[in-house]
2 protein chains.
Amino acid sequence: MGFQETFKALSDPVRREILVLLRDGRMSAGDIGAHFDMTGATMSYHFKQLKNADLITETKEKNFVYYELNTSVFDELVMWFEMMRGKKNEKIDMGDSTVPADGDGSGG
Amino acid sequence: MGFQETFKALSDPVRREILVLLRDGRMSAGDIGAHFDMTGATMSYHFKQLKNADLITETKEKNFVYYELNTSVFDELVMWFEMMRGKKNEKIDMGDSTVPADGDGSGG
DNA sequence: TATCTAATTAGAATTTTCTCTAAATACAAT
DNA sequence: ATTGTATTTAGAGAAAATTCTAATTAGATA
């Protein structure tokens with residue numbers, strides 16, 4: 001959904017590797033899982049995180065589930081990183097609310 | 001050091017917000033901490049993660065510690081993301097070792 | 001219907017991450 | 001030397017993430 005989910009999803013090496021696999025095109029859950037030394041249940045957990053982060057999309061066919069990269073999210077990420085390394089004072093809003101409510105009135 | 005530390009560091013909203021603050025230039029640990037509703041010890045923990053990920057550098061002056069953005073890591077990240085959304089079959093090596101040792105000899 | 005295959009969900013165990021309090025370090029100023 | 005300020009380190013508790021086994025869902029096939 002937001003950046004939080006996306007960054008969280010990308011923080012796990014298994015999930016990043018799944019994304020790299022999907023660069024070559026869509027794959028079934030089972031075929032992806034064959035590349036890892038983990039149970040299907042665990043793989044399913046990771047697919048869910050990636051779906052939640054909009055990094056992959058899922059389509060069902062027969063009794064298979066296929067996953068595919070959603071590259072549009074990468075576009076947004078690239079923009080964020082370019083903003084981070086770019087000129088100062090460019091407006092930026094991450095949607096995070098980790099700043100206190102200016103309790104001392106100093107206005108920051 | 002590697003991508004793993006970098007992505008892990010970026011997965012926390014407090015740490016991303018610290019980076020955004022540092023876009024305006026270097027700041028002391030205390031000044032950064034003033035933007036958050038957390039103890040100095042906790043802030044120090046986050047600084048350590050960011051240093052570990054090479055996302056910030058530290059310089060000591062008098063009894064202050066100043067932190068500064070290291071934008072070169074963002075360059076690498078942008079490259080990674082552009083590779084992810086780009087043409088297939090481009091060589092990619094993330095340094096992760098999450099793939100099993102091809103125990104069945106199928107070779108993938 | 002019964003059974004097989006593909007994949008997910010549920011629940012528990014383990015590990016990791018985040019945050020705090022208390023104590024320690026380092027430098028500055030009295 | 002003592003006190004004060006800025007920051008980190010140590011250790012512990014709470015919360016979140018990762019992984020497993022067992023059970024479940026859903027469709028395909030005999």
Side-chain angles (χ1 to χ4, degrees), chain A residues 1-19 21-22 26-53 55-68 96-100 103-104 106, chain B residues 1-19 21-22 26-53 55-68 96-100 106:
Chain A
M1 297 297 229
F3 267 22
Q4 180 49 40
E5 286 82 0
T6 308
F7 279 114
K8 260 283 155 51
L10 288 170
S11 74
D12 186 277
V14 172
R15 291 193 289 262
R16 288 200 305 279
E17 194 120 1
I18 292 170
L19 296 177
L21 286 174
L22 291 176
R26 72 173 207 170
M27 284 175 91
S28 72
D31 284 352
I32 298 171
H35 286 74
F36 298 88
D37 202 8
M38 297 176 154
T39 66
T42 297
M43 293 309 299
S44 211
Y45 163 78
H46 286 301
F47 297 146
K48 187 186 263 186
Q49 312 301 309
L50 290 170
K51 269 188 292 176
N52 231 290
L55 284 161
I56 61 175
T57 57
E58 138 191 319
T59 47
K60 304 188 186 197
E61 266 172 55
K62 300 177 55 174
N63 51 346
F64 292 84
V65 175
Y66 292 94
Y67 288 108
E68 190 161 13
D96 296 332
S97 58
T98 36
V99 198
D104 65 0
S106 72
Chain B
M1 297 302 229
F3 268 23
Q4 180 50 39
E5 286 82 2
T6 308
F7 279 114
K8 261 282 155 55
L10 289 170
S11 74
D12 186 278
V14 172
R15 290 193 289 263
R16 288 200 305 280
E17 194 119 0
I18 292 170
L19 295 177
L21 285 175
L22 290 177
R26 74 174 204 166
M27 281 175 94
S28 71
D31 284 352
I32 298 170
H35 287 74
F36 299 87
D37 202 6
M38 298 176 153
T39 66
T42 297
M43 294 310 298
S44 209
Y45 163 79
H46 287 301
F47 297 147
K48 187 186 263 184
Q49 313 299 309
L50 290 170
K51 269 188 293 178
N52 231 288
L55 284 162
I56 61 174
T57 57
E58 138 191 318
T59 48
K60 304 188 185 197
E61 265 172 56
K62 298 176 56 173
N63 52 345
F64 293 84
V65 175
Y66 291 93
Y67 288 108
E68 190 163 10
D96 295 334
S97 58
T98 35
V99 197
S106 71

Result for side chain to side chain contact (heavy atoms under 4.5 Å, CB included) between B:Tyr67 and one of B:Ile32, B:Leu21, B:Leu19, B:Thr57 points to B:Ile32

Round to a whole Å and report the spacing from CD of A:Gln49 to P of D:dT19.
-> 11 Å

Separation of C:dT19 atom C1' from B:Met43 atom CE, nearest Å, is 12 Å

How would you label the contact of B:Lys60 with the nucleic acid (heavy atoms, under 4.0 Å): base, sugar-phosphate, or nothing?
-> nothing

Touch class at under 4.0 angstrom, heavy-atom based, for A:Tyr67 against every strand present | sugar-phosphate

Specify the separation, in whole Å, of atom CG of A:Asp31 and atom P of C:dA6.
-> 10 Å

Least distance between heavy atoms, A:Ser28 atom then A:Tyr66 atom | N-CD2, 3.6 Å

Between B:Ala41 and B:Tyr45, the residue closer to the 5' end of DNA chain C by nearest nucleotide is B:Tyr45

Sugar-phosphate, base or nothing in reach of B:Met38, heavy atoms under 4.0 Å = sugar-phosphate

Starting at the 5' end of DNA chain D and moving along, which residue's nearest nucleotide shows up first, A:Lys62 or A:Asp12?
-> A:Asp12

Within the modelled atom types, does a donor on one side and an acceptor on the other bring the side chain of B:Asn63 and the base of D:dT7 under 3.5 Å apart?
-> no

Spacing between A:Ile56 atom CD1 and C:dT8 atom C1', to the nearest angstrom = 14 Å

Distance-only, no hydrogens or angles: does the B:Gln4 side chain make a donor-acceptor pair with backbone N or O of A:Asp12 under 3.5 Å?
-> no

Computed from five pairs at either end and rounded to 10 degrees, the angle between the axes of the helix from C:dT1-D:dA30 to C:dT30-D:dA1 is 0°

From CG of A:Asp37 across to P of D:dT18 the rounded distance in Å is 17 Å

Report yes if at least one side-chain N or O of B:Thr39 is closer than 4.0 Å to OP1 or OP2 of C:dC20; otherwise report no.
-> yes

Rounded to the nearest angstrom, tell me the gap between atom NZ in A:Lys51 and atom P in C:dA7.
-> 12 Å

Looking at D:dT9, C:dA10, C:dT17, which one has an atom nearest to any side-chain atom of B:Lys8?
-> C:dT17

Spacing of B:Phe47 atom CZ relative to D:dA6 atom C1', expressed in whole Å | 11 Å

Here the pair of heavy atoms bringing B:Leu10 nearest to B:Arg16 is O-NH1, 2.7 Å

Has B:Thr42 got a side-chain N or O lying under 4.0 Å from the OP1 or OP2 atom of C:dC20?
-> yes

OP1, OP2 of D:dT19 versus side-chain N and O of A:His46: anything below 4.0 Å?
-> yes

In short, B:Lys8 meets B:Arg15 closest at the heavy-atom pair O-NH2, 3.2 Å

Taking only N and O in the side chain of B:Lys48, is any of them less than 4.0 Å away from OP1 or OP2 of D:dT9?
-> yes

What are the two closest non-hydrogen atoms of A:Ile18 and A:Met43, and how far apart are they?
-> CD1-CE, 3.8 Å

Using a cut-off of 4.0 Å on non-hydrogen atoms, how would the nucleic acid contact of A:Ala29 be classed: base, sugar-phosphate, or nothing?
-> sugar-phosphate

Are any side-chain N or O atoms of A:Ser44 and backbone N or O atoms of A:Ala41, one a donor and one an acceptor, separated by less than 3.5 Å?
-> no

Are the side chain of B:Glu5 and the backbone of B:Leu50 linked by a donor-acceptor contact shorter than 3.5 Å?
-> no

Have a look at B:Gly30 and say if it touches a base, only the backbone sugar-phosphate, or nothing, with a 4.0 Å heavy-atom cut-off.
-> sugar-phosphate

When the distance from OH of B:Tyr66 to P of D:dT5 is rounded to whole Å, what number comes out?
-> 17 Å

